[in-house]
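This report concerns only the one structure given below.
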Amino acid sequence: PEPDQGWTSIDLQVDLTGPLLALKEVRGNQLLTYPHLPGSVLLPWVCARLRAAGIADTQRWVQAGALIVTAATPLLGGQRSHPTPLCFVRPKDDTVGELRNQLLSHANPDAEPGAAERPERGGYAVLNSGGAIQLGTAQLGRALHNHIQQLPAAVGPATTETALYSVQHL
């Protein structure tokens, strides 16, 4: 699209039918995944589908910033979620206590003076139909994978290498 034509937004729902690894980092023998599907992983797939539909300018659009694919986050209550804002806090040692937005209120008037609060991190949030904030997390799984490699005698003494890997997945 030309810049003066405005933006078009298209919702894409991804239904995972099996484990998916969106590699975030490797720690020792652990492969860790993002708790969402990054837009950078989806972008080549979206471009390929657009080209298959006869739209050939996808590379130019990506380079110009005219085609943007955002992360696929979990659905909460049938709605697309967003990363939990950094300003959300709740009473310390309370996982279901009153959620407070620090940008809208300074302190919980019902809390004891000096009561500690902890920030809410690592999840996703939606505003439900009743106006309440609903929090959730992605369901991550873990699988083990072993690797056995026999080194030939030409490299040195014939040996067998074994390793066990832990793979975290969506």
Side-chain angles (χ1 to χ4, degrees), residues 1-90 95 99-105 118-149 151 161 163-170:
E2 297 303 320
D4 59 342
Q5 292 179 340
W7 288 93
T8 300
S9 176
I10 299 172
D11 289 333
L12 173 68
Q13 183 171 331
V14 178
D15 293 318
L16 299 180
T17 57
L20 175 72
L21 172 65
L23 187 61
K24 177 180 178 183
E25 66 178 300
V26 177
R27 271 194 215 151
N29 65 341
Q30 296 181 30
L31 303 176
L32 303 178
T33 189
Y34 285 102
H36 59 272
L37 193 51
S40 59
V41 171
L42 291 169
L43 183 61
W45 182 86
V46 168
C47 288
R49 296 309 172 273
L50 289 171
R51 283 191 303 275
I55 301 171
D57 288 343
T58 58
Q59 184 175 357
R60 184 173 62 87
W61 290 354
V62 170
Q63 291 171 342
L67 176 62
I68 298 172
V69 179
T70 59
T73 56
L75 292 178
L76 294 177
Q79 297 182 64
R80 180 174 184 234
S81 63
H82 301 280
T84 302
L86 298 176
C87 59
F88 285 179
V89 296
R90 65 171 78 237
T95 59
L99 188 65
R100 186 172 69 80
N101 183 340
Q102 291 179 312
L103 296 177
L104 299 178
S105 62
R118 66 172 177 78
E120 234 1 91
R121 298 287 185 267
Y124 296 93
V126 295
L127 191 61
N128 68 23
S129 59
I133 296 168
Q134 178 184 349
L135 297 179
T137 58
Q139 299 298 315
L140 300 179
R142 188 168 300 278
L144 296 176
H145 173 73
N146 64 357
H147 173 75
I148 301 172
Q149 178 181 11
L151 299 175
E161 272 186 9
L164 180 64
Y165 296 94
S166 169
V167 181
Q168 185 184 53
H169 58 80
L170 287 169

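Not measured: the values here are computed from a predicted model.
Atom CG in Leu23 sits 10.5 Å away from atom CD in Gln168 (nearest 0.5 Å).
Among residues two or more places apart in sequence or in another chain, the side-chain contact (heavy atoms from CB on, under 4.5 Å) test is passed with His169 by Pro19, Ala143. For the side-chain contact (heavy atoms from CB on, under 4.5 Å) test, residues two or more places apart in sequence or in another chain that qualify with Gln13 are Asp15, Leu75. The salt bridge (Lys or Arg N to Asp or Glu O under 4.0 Å) check on Arg27 picks up Glu25, with sequence neighbours excluded. With sequence neighbours left out, Gln59 forms a side-chain contact (heavy atoms from CB on, under 4.5 Å) with Gln63. Legend: residues meeting side-chain contact (heavy atoms from CB on, under 4.5 Å) with Thr70, ordered by chain and number and at least two apart, are Ile68, Arg80.
For the salt bridge (Lys or Arg N to Asp or Glu O under 4.0 Å) condition, the pairs that include at least one residue of residues 118-136, sequence neighbours left out, are Arg90-Glu120, Arg118-Glu120. Residue pairs meeting the salt bridge (Lys or Arg N to Asp or Glu O under 4.0 Å) criterion with at least one member in residues 30-43, sequence neighbours excluded, do not occur. For residues 12-33, no residue pair satisfies the ring pair (Phe, Tyr, Trp, His ring centres under 6.0 Å) rule, not counting sequence neighbours.
Heavy-atom minimum distance, Ala138 versus Leu170: CB-CD2, 4.4 Å.
Using a 4.5 Å cut-off on side-chain heavy atoms (C-beta onward), Leu32 and Val26 make no contact. Lys24 places none of its side-chain heavy atoms less than 4.5 Å from the side chain of Thr33.
A donor-acceptor contact shorter than 3.5 Å links the side chain of Ser81 to the backbone of Pro74.
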Listed pairs under 3.5 Å, donor-acceptor, residues 35-57 side chains, sequence neighbours left out:
{"unit_1": "His36", "atom_1": "ND1", "unit_2": "Tyr124", "atom_2": "OH", "d": "3.1"}
{"unit_1": "Arg51", "atom_1": "NH1", "unit_2": "Thr58", "atom_2": "OG1", "d": "3.1"}
{"unit_1": "Asp57", "atom_1": "OD2", "unit_2": "Arg60", "atom_2": "NH2", "d": "3.3"}

